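Here is the structure we will look at.
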Amino acid sequence: MQNKEILLEVSHVNKEFPVKKQRLRAVSDVSFTLSRGELLGIVGESGCGKSTLAKMIVGSLPVSSGAMTLNGVDYTALKGKEKRLFRRNIQMVFQDPLSSFSPRMKIGTYLAEPRRNYDHIPKEQALDEAEELLEQVGLPRDFVMRYPHELSGGQLQRVAVARAIAIHPELLLCDEATGALDVSIQNQIAKLLVDLVEERNIGCIFIGHDLALVRSVSQRIAIMYMGKIVELVESEHLEAMCRHPYTIALIHSIFDVYCKQDEEVQLLQGEPPSPLKVQEGCPFAPRCGRCTQKCREAVPELRELEEGHLAACFHLE
């Protein structure tokens, strides 16, 4: 990965929300890079800050502090027309595709809209391109005349992906893009995303709960817990190289269809602490079997263990 061109750089990004007289820290000091042609997976339990981070990267939420650069441009500082024009470079695919469709708008109009808005091309040309986009995502060209309710969930998600790539973005974000789909359809959408990243040489961030699925499509995986990245590791070496106790707990949550029926399931005990409380020490300490007094008093920094492998823990032996 070191020889590839850096597309996205996220540097010490934080996000806080006011809650009455308190502050909720949803994302805390997150830093990572994404190369062109790379698919980065982000995994973590509900409430860990994955979607908040995605919304900041795509520009729908402002950052509280930190910087994000795409192709060397710090777009968090852009305003007005510059910001609107820059947004074409980053597109997002959401978990529920139906919620992003107008029930009165045909699929062809939905796909043609981005090109007409940004590039002001004629309607006929935009509809021709819409048909080509449908073919690229494995759907018939005549779907341009259909309405959203006439398509299945998997077909709608393919249309959502087609719309996201219509204006040739540099970066694609998929926030639980396969979470609401059947397992067989999940694999089809995941394969489609992998092919698009490779063919178009773009960057992609794939957010999900299913560690096995995310590992199968990504080159690297970032594990998030309580707003922080606690480990970043290459996907193919995940099981062999993971060192953080939370990552290990996630791996134990993956069930093999050929597993022994009488084998004991290792469960992660306890609940994450409240993000409204100011935490002293490691946020994973209350649930960690390795916890010591040092863990309760200081926050471990994300440090490099080997090339391309980072983890935040005091006890990585």
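In what follows, every heavy atom counts, from backbone to side chain, and hydrogens, waters and symmetry copies are set aside. What you see is a predicted model, and the numbers here were worked out from it, not measured in a lab.
- Both Met105 and Leu133 belong to a common hydrophobic cluster when Ile, Leu, Val, Met, Phe, Trp and Tyr are linked at side-chain heavy-atom distances under 4.5 angstrom.
- In this structure, a donor-acceptor pair under 3.5 Å is present between the side chains of Ser235 and Ser218.
- When atom types are taken as modelled, the side chain of Glu199 and the backbone of Leu196 share no donor-acceptor pair closer than 3.5 angstrom.
- Residue Glu198 qualifies as open at atom CD: its count of foreign heavy atoms under 6.0 Å is 12 or below.
- Distance alone, capped at 3.5 Å, places no donor-acceptor pair between the Ser35 side chain and the Ile6 backbone.
- The side-chain heavy atoms of Asn187 and Leu213, taken from C-beta on, include a pair separated by under 4.5 Å.
- Thr33 and Glu9 share no donor-acceptor pair across their side chains, judged by distance under 3.5 Å alone.
- One distance of note links CG of Leu172 with CG of Asn89; it measures 12.5 Å at 0.5 Å rounding.
- Gln155 and Leu139 get closest at one heavy-atom pair: O-CD1, 3.7 Å.
- Within a 6.0 Å radius of CE in Met145, no more than 12 heavy atoms belonging to other residues, nucleotides or ligands are found.
- Between the side chains of Tyr118 and Arg84, no donor-acceptor pair is found at a separation under 3.5 Å.
- From Ile205, atom CD1 reaches atom CG of Leu173 across 4.5 Å, with rounding to the nearest 0.5 Å.
- In this structure a side-chain-to-backbone donor-acceptor pair under 3.5 Å is missing from Gln157 to Gly154.
- Under a 3.5 Å cut-off, the side chain of Asp175 and the backbone N or O of Ser51 do not form any donor-acceptor pair.
- Under the 4.5 Å side-chain criterion, counting only non-hydrogen atoms from C-beta, Met56 is in contact with Leu53.
- Interatomic distance, CD1 of Ile42 versus CZ of Phe32, reported as 5.0 Å (0.5 Å rounding).
- For the residue pair His309 / Glu234, no side-chain donor-acceptor distance below 3.5 Å is found, with atom types taken as modelled.
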Residues Tyr75, Arg87; criterion side-chain contact (heavy atoms from CB on, under 4.5 Å); working and verdict: CA-CA 9 Å; Tyr75 60 94; Arg87 280 179 174 169; over 6 Å; no
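- Between Ile223 atom CD1 and Leu211 atom CG the span is 5.5 Å, to the nearest 0.5 Å.
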Given Val217 and Leu193, is the side-chain contact (heavy atoms from CB on, under 4.5 Å) satisfied, shown in steps? CA-CA 8 Å; Val217 300; Leu193 292 170; over 6 Å; no
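- The shortest non-hydrogen separation linking Leu111 to Ala166 is O-CB, 4.2 Å.
- Both Ile221 and Val194 belong to a common hydrophobic cluster when Ile, Leu, Val, Met, Phe, Trp and Tyr are linked at side-chain heavy-atom distances under 4.5 angstrom.
- The existence of a salt bridge linking Arg243 and Glu231 is excluded, since no basic side-chain nitrogen approaches an acidic carboxylate oxygen closer than 4.0 Å.
- Of all heavy-atom pairs spanning Pro18 and Arg23, the tightest one is CB-NH1, 3.4 Å.
- The two atoms that bring Met68 and Asp74 nearest to each other are O-OD1, 3.1 Å, heavy atoms only.
- Closest heavy-atom contact between Val30 and Gly227: CG2-O, 3.5 Å.
- Side chains of Gln136 and Glu132: no donor on one and acceptor on the other come within 3.5 Å.
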Set out, in order, the CA-CA distance, both residues' side-chain angles and the distance that settles salt bridge (charged side-chain N to carboxylate O under 4.0 Å, His left out) for Arg296 and Glu280, then state yes or no. CA-CA 6 Å; Arg296 299 186 183 96; Glu280 292 185 0; over 6 Å; no
Show, in sequence, the C-alpha distance, side-chain angles and deciding distance for Tyr110 and Val159, and conclude whether the side-chain contact (heavy atoms from CB on, under 4.5 Å) test is met. CA-CA 9 Å; Tyr110 176 83; Val159 175; 3.9 Å; yes
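- The closest donor-acceptor contact from the side chain of Ser11 to the backbone of Ser31 lies at 3.5 Å or more, if one exists at all.
- Between the side chain of Arg116 and the backbone N or O of Pro122, no donor-acceptor pair lies under 3.5 Å.
- Leu85 and Leu78 sit in two unconnected hydrophobic clusters of ILVMFWY residues. Membership requires side-chain heavy atoms under 4.5 Å apart, directly or through other members.
- Within the 3.5 Å criterion, the main-chain N or O of Pro114 finds no donor-acceptor partner in the side chain of Asn117.
- Summarising the local packing, CD of Glu306 is surrounded by more than 12 heavy atoms from other residues, nucleotides or ligands at distances under 6.0 Å.
- Judged by distance alone, the side chain of Asp210 and the main-chain N or O of Ala212 form a donor-acceptor pair under 3.5 Å.
- In this pair, Tyr246 and His244 present their aromatic rings perpendicular. The plane angle is above 60°, beyond the 30 to 60° band.
- In this structure, Glu236 does not pair ionically with Arg215, as no charged nitrogen and carboxylate oxygen lie closer than 4.0 Å.
- Taking CG of Asp142 as the start and CD1 of Ile107 as the end, the distance is 11.5 Å to the nearest 0.5 Å.
- No side-chain heavy atom of Ile165 sits under 4.5 Å from any side-chain heavy atom of Gln91.
- Contact record, Gly203 with Leu7: N-CD2, 3.5 Å, taken as the closest heavy-atom pair.
- In this structure, CD in Glu113 is found 12.0 Å from NZ in Lys123, a value given to the nearest 0.5 Å.
- Cluster membership check: Ile57 shares its hydrophobic cluster with Val73, using side-chain heavy-atom separations under 4.5 Å among Ile, Leu, Val, Met, Phe, Trp and Tyr.
- If you check the side chains of Asn14 and Ser64, you find no donor sitting under 3.5 Å from an acceptor.
- Remark: Arg200 does not engage Glu170 in a salt bridge, criterion side-chain N to carboxylate O under 4.0 Å.
- Both Met241 and Tyr225 are part of a single hydrophobic cluster, where members link through side-chain heavy atoms under 4.5 Å apart.
- Under the 3.5 Å distance criterion, the side-chain polar atoms of Lys15 are matched with a main-chain donor or acceptor of Pro62.
- Under a 3.5 Å cut-off, the side chain of Arg25 and the backbone N or O of Glu16 do not form any donor-acceptor pair.
- Side-chain contact of His315 with Thr292: a donor-acceptor pair under 3.5 Å is present, judged by distance alone.
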